[in-house]
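Just so it is clear: chains get the letters A, B, ... in the order the sequence lines come, proteins before strands, and each one is counted from 1.
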Amino acid sequence: MLFLQLLINGLQTGAIYALTAAGFALIFGATRIFHFAHGTAFTLAGYAFLFAWRADWPGWAGVLVAVAAATLFGMAMERFVYRPIQRHEGSFFTVFVAAFGVGIVVQNLIGLLAGRGLATVDTSLSFGTEVLPEIFVAPILWIAIGTAAVLFAALTVFLTRSHAGVALRALAQNPDLIRTYGLSANGLSVLAFAIGSALAAPAAIITAMTSGLNEAIGHQVMLISIAATIVGGIGSLRGAALAGLMLGVAESLALQFVDTQWAEAVSFLVLFAFILFRPSGIFGVAAAR
Amino acid sequence: MIAYLSNLATQVAIFGILAATLNFILGYAGIFSIAHAVFFGLGAYAGAQIALLLVPDVVLACIVAAAIAGGLSLCLALPALRVRGEYFVAASLGLQMVAVTLFSELKPLTGGIGGLVGIPLPTLFGVPVGVLPVALAALALILLATALLARGSFGRTLTAIRDAESAAEALGKNVAAAKTLAVGFACAGAGVAGALYALHTSFVNVESFTMDYSVLMMAMVIIGGTGTLWGPLIGTVLLLSLPAALAFLPFLPATEVGAVQQIIIGLAMTLLMIFRPAGLVGDLSRGQTTA
């Protein structure tokens, strides 16, 4: 019975991981920018929702504010941090340090403004009811899984059917050709950041309602996103989402054997094993450099 | 005042060692570790246990700390051999986060969250000594070793690996051995700094080995200038004098100094990367195109 309960919890966590990881993978796949501040977009969205909730705004307004915060942050990062660096052939390390610096600033600003430590949004949605003997399910589980499913369906349709989506995929393959066709690589890059960051917002809101936020949660989100992207195979959105789901379930199932503080370690061990034995990931084609 | 200055000087020497060794793998070998505080911590726990259980001999503590940190540096060297760039940063980020959990859970070895207290005052062959001269000597030795290694064939091999790994391999350089040695040297150095830190403060707990400290060390190297001998030292002095400078701002509540300090460090990192990626000391033509 414990197994089933943990599996259910794992699916809920996994849906959240899948959304965040897909956002990261979308940005990395399309722009080749290692967006280390993706966790910061997540943190900002979560706290935006938290502030809206504390100010007694209606739920939908809070969701809107959270999505807007993440999206604007992603677009601003592209415009004001990554693009100036890319202009002078910024190396991976330059990009990484710049994004990391932004993450530290935001983390400490939130610590100053919202207080340090755990912060949660209490709603009746995260209140579990006993559906089977000893199995508790909260409505938030269905919301998490539903949101993830709907967003992935929408994303797939967007990337395969719409003009902008196809252009985004083309950007990943050949930016020069995109320019030759008269499309704006910069504009598409901003679009990738907007969509990718927006995907972190629902995950952040659900996290705020369930396990809670803290100002340093961005690091953990980043670790999961990178782990899922690498395990899934760089460039594969489906791989990242699936790996995110798997990591969530694995972390939860591991609780049968170890205490909660080790959950993170499980994800890390999976990542470590993949880096050592299969750096190209599950769906990866090209070997990692 | 003398005590304050001597404490600050000891801190500068200890963090100078950390920055110099991190710079060795980051600036010369292009291995971007955000787990340097882990090896600092390993050295600190090792040094503290030696002092508590055996004798508080500063040289013995340093040697044991260097051996343990250097030995466990394989945890970092293994992924560094397989992948680079983004992938390696991810691995070191994970290592840092798991190590903090380990440090707080392995109570018999590390004292858990409470840490190890009452570490006796250091001696050298039975004679009581201050940590400051030993730390300064260790810093000088490590800077000398860095300069010699960087100038010699080993350093050139590392730079070659940083700039073009396949080319270095094609020229017959043993990439795996060079990387493992570089990581081992840097982590052993961090271990020495840890042992000195434990003997200096006579108290260690996991707080000093968190990601924040890894970031602080990275910021020291980057703000000073990666791949330069003196840059990391200048970064160390700058960043360690920051709390003292902030203390002069009367409107700042003492509890928020840490956060404000972190914000300044973060901003400095981002702005430097946008406008002067080579750091304060670094040569501007370099550091822009290196991978």
Can a donor-acceptor pair be found, under 3.5 Å and without considering hydrogens, that links the side chain of A:T207 to the backbone of A:G212?
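No; judged by distance alone, with no hydrogens or angles, the pair does not exist.
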Does B:N205 use its side chain to pair, donor to acceptor, with the backbone of B:I113 at less than 3.5 Å?
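It does hold such a pair.
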At a 4.5 Å cut-off on heavy atoms, which part of [X] comes close to chain A: side chain, backbone, both, or neither?
X: B:I222; result: side chain
X: B:Q96; result: neither
X: B:I265; result: neither

Does a donor on one side chain sit under 3.5 Å from an acceptor on the other, for A:Y47 and A:E215?
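Checked: A:Y47/A:E215 side chains show no N/O donor-acceptor pair below 3.5 Å.
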Out of B:L78, B:T101, B:L26, which one racks up the most heavy-atom pairs below 4.5 Å with chain A?
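Answer, by heavy-atom pair count under 4.5 Å with chain A: B:T101.
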Residue selection (most heavy-atom pairs with chain A, distance under 4.5 Å) from B:A219, B:A259, B:S104:
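Counting heavy-atom pairs under 4.5 Å, the top option is B:A259.
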With under 30° as parallel and over 60° as perpendicular, where do the rings of A:F24 and A:F28 fit, or are they tilted in between?
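Geometry flag for A:F28 against A:F24: parallel rings.
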A:Y82 ring center near A:F193 ring center (under 6.0 Å):
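Between A:F193 and A:Y82, which both carry aromatic rings, the centre distance is below 6.0 Å.
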Heavy-atom proximity to chain B below 4.5 Å, by part of A:L271:
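The side chain, not the backbone.
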Tell me, for A:L109 versus chain B, whether the close heavy atoms (under 4.5 Å) come from the side chain, the backbone, both or neither.
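Both parts, backbone and side chain.
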Measuring only between side-chain heavy atoms, which start at C-beta, is B:M211 closer than 4.5 Å to A:H219?
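Sidechains of A:H219 and B:M211: in contact.
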